[in-house]
Amino acid sequence: MKESDKYYENLVDKVMVESTLQKPSADFTSKIMSQVFIIEKNKRIVYKPLISKPVWIVIFGSLIAFVGYVIFAGNQVTDYDLKGSALYYSKMDNLIPVFQFSKSTSYAVLIVVLMVLIQIPLLKNYYDKKYEL
């Protein structure tokens with residue numbers, strides 16, 4: 001060690017011996033905790049949905065309009081076969097291709113949809129209780 005380092009070390013030792021420890025007031029902890037609670041109340045998470053209400057209204061309105069169009073304007077005379085009888089078809093048939101699923105695939109999709117519909121409220125309830133302040 002250098003001579004100047006020893007001098008500073010002796011000076012610090014003297015100051016530490018002469019100084020007394022400061023003690024906080026009796027209600028120090030309660031004052032700090034009240035400030036922490038105020039900060040926590042200000043930081044509370046506010047729920048803001050990803051899709052706003054006007055967007056949901058537009059989505060449902062479009063869906064209802066589409067279904068209404070398919071139901072009321074879907075069956076129209078479009079073509080005649082060789083015997084002259086009218087062939088009817090739904091416009092929905094042209095919009096969506098026909099898929100053939102096996103029974104096991106249909107059951108699997110149905111079970112998955114049901115499980116998701118059951119789990120969503122359960123998980124929402126769990127996280128609401130977990131983060132409730």
Side-chain angles (χ1 to χ4, degrees):
M1 253 189 190
K2 295 181 184 176
E3 188 72 31
S4 63
D5 289 341
K6 288 183 181 181
Y7 172 75
Y8 289 124
E9 187 176 339
N10 289 334
L11 180 65
V12 169
D13 289 339
K14 286 180 185 177
V15 170
M16 294 297 288
V17 168
E18 293 174 0
S19 68
T20 59
L21 292 176
Q22 294 180 353
K23 294 186 180 182
S25 62
D27 60 344
F28 175 77
T29 304
S30 62
K31 285 181 180 179
I32 296 295
M33 291 310 291
S34 67
Q35 293 297 319
V36 168
F37 288 135
I38 290 172
I39 291 171
E40 286 297 321
K41 286 181 182 177
N42 292 340
K43 283 187 173 182
R44 204 169 261 185
I45 297 171
V46 178
Y47 173 74
K48 184 177 179 185
L50 293 176
I51 302 174
S52 63
K53 286 184 182 181
V55 174
W56 278 116
I57 292 171
V58 168
I59 290 171
F60 285 124
S62 301
L63 182 65
I64 290 171
F66 178 72
V67 169
Y69 175 75
V70 169
I71 290 173
F72 294 116
N75 294 333
Q76 296 177 355
V77 176
T78 58
D79 198 7
Y80 292 96
D81 64 357
L82 296 175
K83 297 179 184 175
S85 63
L87 294 176
Y88 295 98
Y89 77 98
S90 173
K91 288 189 178 188
M92 183 68 104
D93 292 339
N94 289 340
L95 296 176
I96 300 174
V98 177
F99 291 107
Q100 296 288 330
F101 292 114
S102 67
K103 284 186 178 182
S104 59
T105 305
S106 300
Y107 291 145
V109 169
L110 179 66
I111 289 171
V112 167
V113 168
L114 287 175
M115 293 306 291
V116 167
L117 291 176
I118 290 170
Q119 287 180 3
I120 287 173
L122 291 175
L123 288 173
K124 183 181 182 312
N125 189 21
Y126 170 76
Y127 282 110
D128 285 346
K129 285 182 181 177
K130 184 176 180 181
Y131 294 112
E132 187 175 276
L133 296 178

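These values consider heavy atoms only, across backbone and side chains, with no hydrogens, waters or symmetry-generated copies.
- Between Val12 and the choices Met16, Glu9, Lys14, the side chain to side chain contact (heavy atoms under 4.5 Å, CB included) rule is met once, by Met16.
- Ile118 and Tyr126 fall into different hydrophobic clusters, where Ile, Leu, Val, Met, Phe, Trp and Tyr residues are linked whenever their side-chain heavy atoms come under 4.5 Å apart, directly or through other members.
- Leu63 places none of its side-chain heavy atoms less than 4.5 Å from the side chain of Ile59.
- Using a 4.5 Å heavy-atom threshold, the side chains of Ser106 and Leu110 count as separate.
- A donor-acceptor pair is defined here as one N or O able to donate and one able to accept, closer than 3.5 Å; no such pair exists between the side chain of Asn125 and the backbone of Pro121.
- To the nearest 0.5 Å, atoms CE (Met115) and CG (Leu122) are separated by 9.0 Å.
- Val116 and Ile111 fall into different hydrophobic clusters, where Ile, Leu, Val, Met, Phe, Trp and Tyr are joined by side-chain heavy atoms under 4.5 Å apart, directly or via other members.
- Taken to the nearest 0.5 Å, the CG atom of Leu11 stands 5.5 Å off from the OH atom of Tyr7.
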